[in-house]
Number of protein chains: 2
Amino acid sequence: MTDDASHDFDQQFDLGRFLPYLLNQAAEATSRSFQEAYRGDFGMSRTQWRVMANLGKFGAMTAAEICRISHIEKTKVSRAVAALEAAGHLRREADPADRRAAHLSLTEAGRRVYGQLGLRARDYDAALRAALGVAEAEALERALRRLIAMGSPEQST
Amino acid sequence: MTDDASHDFDQQFDLGRFLPYLLNQAAEATSRSFQEAYRGDFGMSRTQWRVMANLGKFGAMTAAEICRISHIEKTKVSRAVAALEAAGHLRREADPADRRAAHLSLTEAGRRVYGQLGLRARDYDAALRAALGVAEAEALERALRRLIAMGSPEQST
DNA sequence: GCAGAATAGTTGCAACTGCAACCAAGTCAA
DNA sequence: TTGACTTGGTTGCAGTTGCAACTATTCTGC
């Protein structure tokens with residue numbers, strides 16, 4: 001029998017109900033299933049796929065904007081951009097007004113890849129939502145958005 | 001409807017609603033906030049904390065059992081166990097009946113650490129659930145569990 | 001009892017990541 | 001203008017990860 005504040009290690013903490021733990025497992029499980037789409041067929045990393053998806057969705061934007069929107073670390077974005085450019089999926093154009101910034105956009109080839117992956121992603125997402133039930137999926141989405149907003153204080157939408 | 005499925009890249013895929021993407025962001029945001037607890041104060045990695053939490057919850061078990069329960073890769077578990085043992089948080093005892101397996105359990109020191117982290121985790125989880133609303137948190141938990149179960153076909157509990 | 005398959009766990013390697021430090025360009029104020 | 005500060009982006013380094021290959025032990029069928 002220990003004494004100080006630590007003898008209560010049989011406390012009520014239930015790892016199986018710890019939300020960060022469950023979130024990680026669910027994220028891992030779902031991302032992993034989809035991974036073969038971008039990795040197996042196009043040799044992309046998760047980060048590369050996400051950067052591409054952001055560009056596909058929002059059109060041309062700078063790396064900093066991608067960071068703000070997607071909450072991906074700037075170094076991850078930087079390296080993903082370099083890889084995507086090397087693969088010919090992405091093009092950068094210097095901003096004449098601000099020579100630090102580069103406007104990124106998908107090349108024709110990149111858009112084709114994005115088109116294929118986007119379709120697959122849509123199907124996969126639909127399958128997940130169907131498995132959960134439409135209403136539950138909506139509720140899940142709302143909850144996730146709340147948690148994401150809590151983590152990073154800046155949110156516009 | 002397209003056959004080569006590539007020229008319709010302005011399709012309905014909305015990254016901002018892609019569940020794996022949202023799950024990852026939410027998992028990242030929540031895990032990151034809690035990270036200082038085990039990393040800052042005890043120098044542990046996420047995996048180490050999870051392995052410890054499993055041992056704290058279930059008592060002595062083998063590495064393979066931890067893998068099955070927590071869905072963590074065996075190599076991650078192996079390295080986490082080595083680190084925890086080196087830190088004196090964990091002890092391994094060879095199974096006399098099966099000399100491949102080792103029964104892992106927390107040392108007294110490990111249990112103390114687990115006690116502290118468990119309390120903090122409980123508080124953090126409670127804060128998250130309070131922010132979401134109790135009912136929404138329950139629904140979230142159910143949805144996550146479903147997704148996790150879908151990912152890995154074997155499920156017991 | 002034995003060859004072959006399965007299981008527990010470790011390790012090498014290559015990739016990915018996070019952090020901090022860094023460079024370059026732009027901004028602000030006096 | 002000049003100097004301090006901010007911002008866009010890259011890089012070095014150390015740590016973490018995933019995968020495949022590996023050893024050692026146990027199990028299975030015959």
Side-chain angles (χ1 to χ4, degrees), chain A residues 24-25 27-29 31-36 38-40 42-51 60-87 90 92-104 151-152 154, chain B residues 24-25 27-29 31-36 38-40 42-51 55 60-87 90-104 151-152 154:
Chain A
N24 260 290
Q25 286 189 186
E28 207 45 45
S31 294
R32 202 157 252 297
S33 301
F34 188 63
Q35 176 162 323
E36 64 172 45
Y38 50 80
R39 177 166 241 121
F42 298 101
M44 282 198 245
S45 73
R46 195 128 102 205
T47 309
Q48 286 171 48
W49 147 242
R50 290 201 189 151
V51 166
M61 55 200 307
T62 68
E65 287 170 327
I66 295 177
C67 290
R68 278 191 287 270
I69 289 178
S70 66
H71 302 146
I72 307 179
E73 292 276 321
K74 66 198 294 209
T75 60
K76 274 211 266 190
V77 171
S78 174
R79 287 191 253 241
V81 164
L84 287 171
E85 186 183 28
L90 167 158
R92 40 179 128 195
E93 278 163 281
D95 182 338
D98 184 344
R99 278 180 306 176
R100 295 169 303 179
H103 293 281
L104 309 170
S152 54
E154 54 225 312
Chain B
N24 260 290
Q25 286 189 186
E28 207 44 46
S31 293
R32 201 157 251 296
S33 301
F34 189 63
Q35 176 162 323
E36 61 172 46
Y38 50 79
R39 178 166 239 122
F42 299 100
M44 282 197 245
S45 74
R46 195 128 101 203
T47 309
Q48 285 170 50
W49 148 242
R50 289 199 190 153
V51 166
L55 284 174
M61 56 200 307
T62 69
E65 286 170 328
I66 295 177
C67 290
R68 277 191 288 269
I69 289 178
S70 66
H71 303 146
I72 308 178
E73 292 277 321
K74 66 200 292 210
T75 60
K76 275 212 265 190
V77 171
S78 174
R79 288 191 252 244
V81 164
L84 287 171
E85 186 182 29
L90 167 158
R91 166 182 39 231
R92 40 178 128 195
E93 277 164 281
D95 181 339
D98 183 345
R99 279 179 306 173
R100 296 168 303 179
H103 293 281
L104 309 170
S152 54
E154 55 226 312

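Chain A is the first sequence line, chain B the second, and so forth, proteins listed ahead of strands; every chain is numbered from 1.
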Along DNA chain D (nearest heavy atom to each residue), the more 5'-positioned of A:Q35 and B:R99: A:Q35
Protein-nucleotide distance (A:K76, atom NZ; D:dT10, atom C1'), rounded to Å: 17 Å
Under-4.0 Å side-chain N/O to phosphate OP1/OP2 contact, B:R79 with D:dT16: no
B:R32 side chain near C:dG18 phosphate (N/O to OP1/OP2, under 4.0 Å): yes
Passing candidate, side chain to side chain contact (heavy atoms under 4.5 Å, CB included) with B:L104, options B:L55, B:T62, B:L84: B:L55
Phosphate contact (C:dT17 OP1 or OP2) by A:T47 side-chain N/O below 4.0 Å: yes
Donor-acceptor pair, side chain of A:S78 and main chain of A:K74, under 3.5 angstrom: no
Residues B:E85, B:R91; criterion salt bridge (charged side-chain N to carboxylate O under 4.0 Å, His left out); working and verdict: CA-CA 6 Å; B:E85 186 182 29; B:R91 166 182 39 231; over 6 Å; no
Candidates D:dC19, C:dT17, C:dA15 - which lies nearest the side chain of A:R39: C:dA15
Touch class at under 4.0 angstrom, heavy-atom based, for B:A102 against every strand present: sugar-phosphate
Protein-nucleotide distance (A:D95, atom CG; D:dG8, atom C1'), rounded to Å: 11 Å
Sugar-phosphate, base or nothing in reach of B:R46, heavy atoms under 4.0 Å: nothing
Under 4.0 angstrom between B:R92 side-chain N/O and C:dT10 OP1 or OP2: yes
Sugar-phosphate, base or nothing in reach of A:K74, heavy atoms under 4.0 Å: base
Atom-to-atom span, CD1 of A:I72 to C1' of C:dG18 - whole angstrom: 14 Å
Rounded interatomic separation in angstrom, taking CD1 from B:I66 and P from C:dT10: 11 Å
Per B:A64 side chain, nearest of listed nucleotides C:dA8, D:dG8, C:dT10: C:dA8
Atom-pair distance (CZ on A:R100; C1' on D:dT6), nearest Å: 8 Å
Steps toward salt bridge (charged side-chain N to carboxylate O under 4.0 Å, His left out) verdict (A:R46, B:E28): CA-CA 14 Å; A:R46 195 128 102 205; B:E28 207 44 46; over 6 Å; no
Sub-6.0 Å ring centroid separation between A:F34 and A:W49: yes
Gap between atoms CD and C1', on A:E28 and D:dG18 respectively (whole Å): 10 Å
Spacing of A:Y38 atom OH relative to C:dC16 atom P, expressed in whole Å: 11 Å
Of A:M44 and B:A63, the one whose closest DNA chain C nucleotide lies more 5': B:A63
Minimum-distance pair of heavy atoms, taken over all atoms of A:I66 and A:S70: O-OG, 2.6 Å
Candidates D:dG18, C:dG26, C:dA8 - which lies nearest the side chain of A:D98: C:dG26
Presence of B:T75 side-chain N/O under 4.0 Å of D:dG18 phosphate oxygens OP1/OP2: no
Integer-rounded Å distance: C:dT11 C1' and B:E73 CD: 15 Å
Sugar-phosphate, base or nothing in reach of A:A97, heavy atoms under 4.0 Å: sugar-phosphate
